[in-house]
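Report on the following structure.
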Number of protein chains: 2
Amino acid sequence: MNAEDKRIYKLKAEVLSAAGHPIRLAIIDFLGDGEQCVCDIADHVDAQRSNVSRHLGVLLNAGVVKQRKDGLKMIYSLSTPCILNFMKCVEGVLQVRAKEAAVLLEML
Amino acid sequence: MNAEDKRIYKLKAEVLSAAGHPIRLAIIDFLGDGEQCVCDIADHVDAQRSNVSRHLGVLLNAGVVKQRKDGLKMIYSLSTPCILNFMKCVEGVLQVRAKEAAVLLEML
DNA sequence: ACACTATGTTACTAATCACTCACATAGTAG
DNA sequence: CTACTATGTGAGTGATTAGTAACATAGTGT
C-alpha cells in the first residue's frame, strides 16, 4: 500500500467517520426528507443548537451535506442522495449481528 | 426522536465509525479480495501487528468482519459483501468535494 | 437606531481513540 | 518438553472528539 493509497483511504475515512455519530446520522436521515434549517434540525434530533451547528460543520467539511443561505436561516441538504442507500447496508450488518446474538443465546 | 430511535442511531454509528479509519478501510478493501490472516493483513496495510489486531477487534465488534481459526492463524473475512458497495457512494461524495474545490480554484 | 432571531465560534473540560511496548496465550514442530 | 510463530491484551501516553456555556456576527422588522 503506497502513500497515494493512504491519502485516499484517509479521505474516505473522513467521510465515513463524519457519518459515524448518532446525532449526525439522525441529521442525515432527517435531511433525506428534504432540506432543513439548523433550528428545525436541532428540534428534531433533540440537541442543543451550538452542538448541532458543530455536527453540521463536520458533515459539511466531509462533503456529506451542502448549505444555502435563506435570509436569516442556513438551509442544509444532502450533497448526494446515495448516502441514504448505504444505510441499507449498515442495517444489513446490524441484522447479521442480531442473528449471531440470537444464535449465541440459543447456546446458553 | 424517541429513545428507541437514539439506540438505533447509536448502533448504526458504531458500524459506520468502525469503517471510518484509514487502516480499517484498507483492511475492508483487502478483505474484499477474500479472507486473510492477521499477519498478511498487517503486511498489506503496512502497520504493526498489535495495532492491526486492535483494528480487527473494532471491526469484529461492529459486525463488519467475521473470524475463523485455522491452526495458528486467525482468518478474517467480510461479514457481508455489501460493505464494498457503499464505498462507491463514498467515492461519489469525494467527487462532489473535488468538483467544488475545482470551482473554487477557478474563482481565484 | 433598536431589539430580536438564527447561526456560528471560542474556550474549556471530560471522554474516547490510536498507537506502542511488553507480556500472555495458543497452537505447531522438533 | 522446548523453541517458535501467530495473535491478542494490559498499561501508558499523546491526540482527537463531544458537549456546553458564553459571546460574536449577520440578517430582519419596528
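The model shown is predicted, which means the values in this text are computed figures rather than measured ones. Reminder, nothing fancy here: chain letters follow the sequence lines and each chain counts from 1. These values consider heavy atoms only, across backbone and side chains, with no hydrogens, waters or symmetry-generated copies.
- Between A/Asp70 and A/Ser17, the residue anchored nearer the 5' end of DNA chain D, judged by the nucleotide with its closest heavy atom, is A/Ser17.
- Of the side-chain N and O atoms in A/Tyr76, one or more sit less than 4.0 angstrom from OP1 or OP2 of C/dG8.
- Taken to the nearest 0.5 Å, the OG atom of B/Ser17 stands 9.0 Å off from the CZ atom of A/Arg24.
- As rounded to whole Å, 17 Å separates atom P of C/dA14 from atom CG of A/Asn51.
- Inter-residue side-chain proximity for A/Val65 and A/Ser77 is flagged as unmet; no heavy-atom pair is nearer than 4.5 Å.
- Distance, B/Leu59 CG to C/dC17 C1': 14 Å, rounded to whole Å.
- Listed pair A/Gln48 / D/dG19 fails the phosphate criterion, with no side-chain N or O lying under 4.0 Å from OP1 or OP2.
- Side chain of A/Ser50, nearest nucleotide from D/dA22, D/dG19, D/dT7: D/dA22.
- Which of C/dT28, C/dG8, C/dT5 sits closest to the side chain of A/Gln67 comes down to C/dG8.
- One finds no side-chain N or O of A/His21 lying less than 4.0 angstrom from the OP1 or OP2 phosphate oxygen of C/dT16.
- Spacing between atom CG of A/Asn61 and atom P of D/dT17 amounts to 11 Å, rounded to whole angstrom units.
- The backbone N or O of A/Ala62 lies less than 3.5 Å from a partner atom in the side chain of B/Arg97, making a donor-acceptor pair.
- Taking the side chain of A/Arg54 as heavy atoms from C-beta on, and the options D/dT7, C/dC19, D/dT20, the nearest nucleotide is D/dT20.
- Between the CZ atom of A/Arg49 and the C1' atom of C/dT9 there is a distance of 16 Å, rounded to whole Å.
- Protein atom CG of B/Leu25 is 13 Å distant from nucleotide atom P of C/dA18, rounded to whole Å.
- Nearest nucleotide to the side chain of A/His55, out of D/dT7, C/dC21, D/dA18: D/dA18.
- Nucleotide D/dA6 holds its P atom 7 Å from the CG atom of B/Leu72, rounded to whole Å.
- Put simply, the side chain of B/Ser79 gets close to the backbone of B/Gly63: a donor and an acceptor are under 3.5 Å apart.
- The interatomic distance linking B/Ile23 (CD1) with C/dC19 (C1') rounds to 9 Å, in whole Å.
- One interatomic measurement links the two molecules: CG of A/Asp43 to C1' of C/dT7, which rounds to 14 Å at whole-angstrom precision.
- Comparing D/dA18, D/dT7, C/dG8 by their closest approach to the side chain of B/Val38 singles out D/dT7.
- A/Asp70 contributes no side-chain N or O that, together with a main-chain N or O of A/Lys73, makes up a donor-acceptor pair within less than 3.5 Å.
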